[in-house]
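Here is the structure we will look at.
Here is how names work: the chains are called A, B, and so on, in the same order as the sequence lines, proteins then strands, and each is numbered from 1.
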Amino acid sequence: MSENVESEVGVPQALRRNIFTTALDAVYNWSRSSSTWPVMFGLACCAIEMVATAAARYDMSRFGMEVMRASPRQSDLMIVAGTVTKKMLPNIVRIYNQMPEPRYVIAMGACATGGGPFKDGYNVVSGIDKYIPVDVYIPGCPPTPESLMHGFMKLHQKMRSQSITNVNWYNKSYTGEVPVPILGPDVIDPREIPAMSKAVRLAREAKE
Amino acid sequence: MSGTPEAVVKKFPHWIEKMSEAIVGEEDGVWIVKPNALRAVAKYLKEKKGYDFLANVAGVDNLLHPNRKEVDRFEVVYHFYSTERGGDYIAIKARANAENPVLPSLVPIFPTADFQEREIWDLYGIKFTGHPNLRRILLWDGFFGHPMRKDYHEAYYEEEHRPYNSRYPEGHYVSQEDRTPWKNNLVFPNAFDPEHWQAPEIYYEVGQDFKNIEKLKTDRIVVNIGPQHPSTHGVLRMIVGLEGETVTGLELELGYLHRNHEKIGERNTYLMNIPFTDRLDYITSMTNNFGYVLAVEKLMPKVVVPERAEYLRVIMAELTRAMNHLFAIGFLLNDMGAFYTPSLYAIEERELILDLFEMASGSRMMCNYMRFGGVAHDVDENWVKLAIELVHNRLPRALDEMEALLTTNEIMLARTKNVGYLSPKDAIAYGTSGPVLRGSGVPYDIRKAEPYSIYDRFDFDLITEEGGDVYARYMMRIREARESVRILKQALRDLPGGPVMGKPLPYMVKIPANEAYTHIEAPKGELGFYIVSDGTPNPYRYHVRAPSFVNLNSLATMAVGHKIADAIIILGSIDIVLGEVDR
Amino acid sequence: MFGSGILKGLGVTLKHITTSYLDDVKSIPTRYAGGNTIIRQPMNEEGLFTIQYPEERRVLPERFRYVPMLIYDAETGKDRCTACGICAKVCPAQCIWIVRDQNPDGKPIPESREFYVDIATCMGCGLCAEFCPFDSIKMNHDYELSTFKRYPDLVYDKEMLSVPTTYYAQLYPQAWAEEQERARQKAEAKQKRAEAAAARAKAKEAAAKKAAQIKAAAQKQSSTDV
Ligand code: SF4
Ligand code: SF4
């Protein structure tokens, strides 16, 4: 029967699902993007500009973001605002792991994006994207509140382009967890331990 | 400089005789002291000569210094001031050999040496015998190497000094990552195998000290606060021993924002360091610039700063101070649970001051405004008009409003009075400075004790508060901001015309081999720069004596015996900025 | 009286609430009409303090700096940059990379072939602009630079960095006027110099002519003498 109706009206099944999901997506994305709660967590100078963005003059609440949560469990967005040092890195990755999906990461400022002016330093991670996935990069040192908000709008743009049908966080097998780096003689990324050990073994064998 | 030996000899003719066995020689105005006599000399300076304030302790690695090839590789320099008399410093240094660098610790005489000696152990690997807790402070236990040593190379090491040759004229872009084996900023010891690696155990000594605390019948627990915590002002970590809710011990874990300021600073040219100093205490970038350019100008005797530039420097520094104090009060109240309202009001004023900074220098926060021999840009009529409007009407009103909101507020009084008491004696011993020191009733303000720039021309009061508690520090800040407004009024009234820069210096200046320590009264306390030059365009040693870092020495003493919620506001009342604590 | 301090404080907050509320009421509907307004907040701004980016923007002062830009002449299309490399040497973050161009026989010429600024490390300090002797690198005011990708989006090449002089004149009206003034003075001085040189040449010529005449006359005289 339904097939008949369909052929009569001329809307193919696939498209019909599409209309439904487009509407659903619109609602889903609208609600997500207008209440993106950031983690209340700042690292360095950029955090002060983030605070300024939250304060009266720029007022992040116009984007539905004023609820800065100190607990990562209740937030959707992590603004990595400032220099990521090696000593802080495991904590950041832990915070990221504790955030529920869907979670987003903004790398605010030159430091979080690519190490910034301190890139050469022995205790500085040259870009948080080496360890956790980043959605929006905001260059500048520090980004002015306006450019941070421009980053928010970029993030909203990204959110709106996602569809509930293919986002991966409803997938059972998906965790998105990032292994927490270990502070050894330097930062050890657990994902690279086999490769490192192998290199050492090979070198030793070559010597023998 | 009155710190030079001749001046000292003139001042204390018997000094030399008394100490002749201890002193080996003199170099660039610093006495070289035998390591085993170090404590005796320090004690003598403190007890007999009134040099009670150990401002700065810095390590130096002499490995590459052209004039110090013959001497022992490591040395530690100590700068002493007198809080009573004011005036210039007396500096002594002791040397340690390369194989087994050990020196006696000064902590028993000057508790302020605690963090600074730990920093030297961490970054230079110099051991201090008799130090109560010689752990790494900025890096983590287990880190490979001592990075401030001159032969330590970072993963992205290109050349000893900037500018790097790879940038020009054949500057084909290669990211630093692509040049390193792990495609990342990592250095591992040779043949390091992570599968067979064991993390070292770390033991925090908290909860030991309960002499003055009456025992409760509760469990003793250790609570970890930070590094991600809304009231640690950034990424500070406190490990607190608790008996019930009472703090029995407190240990700090720093370094979560250790950005290698000094290592990078030694690779940089003198000029390149100016924008880096902006990022030390990122709330008060103007005063950081100020301190740094004064420090370098001290080593460049020929540079003359025009009058207008001197006034502009003072104007910017005092605007910064007023802004910083408002900001600090706002966030102190945040810690107390007055969520956001006071800090929102404070940030409003801050935004307007930042507007002025932006007009003058181009950036809101990272001003990069001062240069050797002047300031980078002039300000126009309109700017001065706006500044006068701000200083005469807006800021006094904002301070009144802040006081109306807080000063007599009963909740505020209940939370802050008699909390976090620091006695004047302790305040000096722990090397605190700025509002913390003066909040304990010690009248020591570098602007008065050793006037730099043109501070001797202004009429302002040295503010002290007798309370020594959190409330006293709050009042200090309000009253000091009012004094800043007073200075600003005078400076804006007298602002002369003329150029803001003498003969512009080239982008690379060579500075003859020398060394000096220069300090200014930054909003948070004594900000000092210790610079050793070796005749090249790059500083040989560049050390920052950060007020927040040294002030933190006193936190444990203040917090023990109080409730844990008070520990948080005591931390807030010190007013730290992590960029400066960890550098 | 216990509690009077709290009441006083509440009075302050109440004042803030009412002023901003009244401000808001007054500014309806213009404030919410959208569009693109540029705002300059006065120093005694009270009440409604918010700038509603992106509909409203703050006035940026001329010296505002964000990331560098390279200026080329809008008329001739020629870069001002002569590849002297000073900006690369002065840059504290060492994020400027320049390849100097060569002519076919391998001699360096004052032009850059490649020019990169790694925006992901640039600290926006403005030293490059301050020390450029040719006024060819300046700080851009454009702060809306966020992207989804770091590589290659945030390594700006010459194309991304280049802006015409017209754009520069718009951003930096004061500096541009000064620059024009300096150029004009320079041209004037040059002309003056040229004129003076011409006059001198003329005088010389006249003098030479005269000398020749005298000489000829003298010669004539001497020949008659003979
Ligand atoms: S990008 Fe600049 S402002 Fe931001 S944290 Fe890094 S140094 Fe500070
Ligand atoms: S603004 Fe500063 S960091 Fe950026 S390119 Fe110019 S000199 Fe380098």
Side-chain angles (χ1 to χ4, degrees), chain B residues 158 162-164 166-176 264 268-269 271-276 278-279 341 344-345 348 351-352 355-356 358-364 366 368 371 376-377 380 385-387 389-390 393-394 397 401-402 404-413 506-508, chain C residues 2-6 8-13 15-16 40-46 49 58-66 83-100 108 112 114-118 120-121 123-127 129-131 139 151 155 157 174:
Chain B
E158 280 194 60
R162 289 170 176 181
Y164 299 142
S166 63
R167 305 295 197 269
Y168 174 83
E170 284 300 316
H172 299 279
Y173 179 80
V174 199
S175 77
Q176 273 108 321
I264 294 174
N268 280 346
T269 61
L271 177 76
M272 286 176 185
N273 271 337
I274 297 176
F276 275 96
D278 287 339
R279 284 143 183 93
T341 311
L344 278 183
Y345 294 173
E348 231 169 78
E351 286 288 335
L352 291 171
D355 271 3
L356 286 179
E358 193 179 47
M359 259 179 251
S361 73
S363 181
R364 285 157 50 85
M366 305 304 174
N368 185 16
R371 296 282 178 277
H377 309 279
D380 55 12
K385 233 174 42 216
L386 289 176
E389 162 81 27
L390 179 90
N393 300 330
R394 176 97 198 186
R397 199 173 59 217
E401 213 173 51
M402 210 45 137
L405 183 63
L406 302 172
T407 304
T408 52
N409 188 312
E410 280 79 8
I411 306 174
M412 164 100 181
L413 291 176
Y507 60 92
M508 274 205 217
Chain C
F2 186 82
S4 60
I6 297 180
K8 208 161 131 200
L10 285 177
V12 173
T13 39
K15 193 182 127 240
H16 270 259
R40 145 144 280 146
Q41 286 183 323
M43 271 297 147
N44 54 9
E45 177 80 31
E46 279 202 69
F49 200 62
R58 198 155 53 92
V59 183
L60 294 179
E62 177 167 332
R63 277 183 204 143
F64 182 77
R65 49 188 154 84
Y66 206 71
C84 68
I86 285 181
C87 52
K89 283 178 211 151
V90 80
C91 172
Q94 289 291 294
C95 63
I96 301 184
W97 303 69
I98 304 174
V99 180
R100 188 168 51 189
S112 63
E114 290 169 40
F115 201 111
Y116 300 101
V117 177
D118 189 347
T121 41
M123 66 203 290
C125 64
L127 285 181
E130 202 175 312
F131 281 86
M139 300 304 281
Y151 288 117
V155 181
D157 58 7
Q174 217 174 319

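Contact annotation for C:Glu130: only side-chain heavy atoms (C-beta onward) come within less than 4.5 Å of a heavy atom of chain B. When heavy atoms are compared at a cutoff of 4.5 Å, C:Ser112 does not approach chain B at all. Contact annotation for C:Phe64: both backbone and side-chain heavy atoms come within less than 4.5 Å of a heavy atom of chain B. Using a 4.5 Å cut-off between heavy atoms, B:Thr407 does not touch chain C at all. At a 4.5 Å heavy-atom cutoff, B:Leu406 makes no contact with chain C through either its backbone or its side chain. Of the atoms belonging to C:Ile98, heavy atoms from both backbone and side chain fall under 4.5 Å from chain B. With a 4.5 Å cut-off on non-hydrogen atoms, B:Tyr345 touches chain C through its side chain but not through its backbone. Residue B:Ser363 touches chain C through both its backbone and its side chain, counting heavy-atom pairs closer than 4.5 Å. With a 4.5 angstrom heavy-atom cutoff, C:Phe2 touches chain B via backbone and side-chain atoms both.
Qualifying ring-ring contact (aromatic ring centres under 6.0 Å, His included) partners for C:Phe115, counting only residues two or more places apart in sequence or in other chains: none. C:Tyr66 pairs by the ring-ring contact (aromatic ring centres under 6.0 Å, His included) definition with nothing, not counting sequence neighbours.
Heavy atoms only, all atoms of each residue included: C:Thr121 and C:Ala93 are closest at O-CB, 3.4 Å. Heavy-atom minimum distance, B:Pro275 versus C:Pro92: CG-CG, 3.6 Å. Minimum interatomic distance between B:Tyr507 and C:Lys89 (heavy atoms only, all atoms of both residues): OH-CD, 3.5 Å.
Counting heavy-atom pairs closer than 4.5 Å to chain C, the top-ranked of the candidates B:Arg397, B:Glu170, B:Glu351, B:Glu401 is B:Glu401. Among the candidates C:Cys95, C:Ala120, C:Ala83, C:Gly11, the residue making the largest number of heavy-atom pairs closer than 4.5 Å to chain B is C:Ala83. Note on C:Gly124, C:Gly126, C:Ser4: by heavy-atom pairs under 4.5 Å with chain B, the leading option is C:Ser4. Contact tally against chain B (heavy-atom pairs below 4.5 Å) for C:Glu62, C:Gln41, C:Arg58, C:Met139: the top residue is C:Arg58. Taking B:Glu389, B:Met366, B:His172 one by one and counting their heavy-atom pairs under 4.5 Å with chain C, the maximum is reached by B:His172. Per-residue heavy-atom pair counts under 4.5 Å with chain C were compared for B:Ser175, B:Ala387, B:Ala376, B:Ala404, and the maximum is reached by B:Ala404. Chain B forms the most heavy-atom pairs under 4.5 Å with one residue out of C:Ile96, C:Val99, C:Val155, C:Val12, and that residue is C:Val99. When each of B:Met359, B:Glu348, B:Arg162 is checked for heavy-atom pairs under 4.5 Å with chain C, B:Glu348 comes out on top.
Of the inter-residue distances, the one linking C:Glu114 atom CD with B:Tyr173 atom OH reads 13.0 Å to the nearest 0.5 angstrom. Within the model, atoms CG of C:Leu10 and NZ of C:Lys15 stand 14.0 Å from one another, a figure rounded to the nearest 0.5 Å.
Within the 3.5 Å criterion, the main-chain N or O of C:Ile86 finds no donor-acceptor partner in the side chain of B:Tyr168. For B:Arg371 (side chain) and B:Asn368 (main-chain N/O), a donor-acceptor pair under 3.5 Å exists by modelled atom type.
Inspection of the B:Glu158 and B:Ser166 side chains reveals an N or O donor paired with an N or O acceptor under 3.5 Å. For the residue pair B:Asn273 / B:Asn268, a side-chain donor-acceptor distance below 3.5 Å is found, with atom types taken as modelled.
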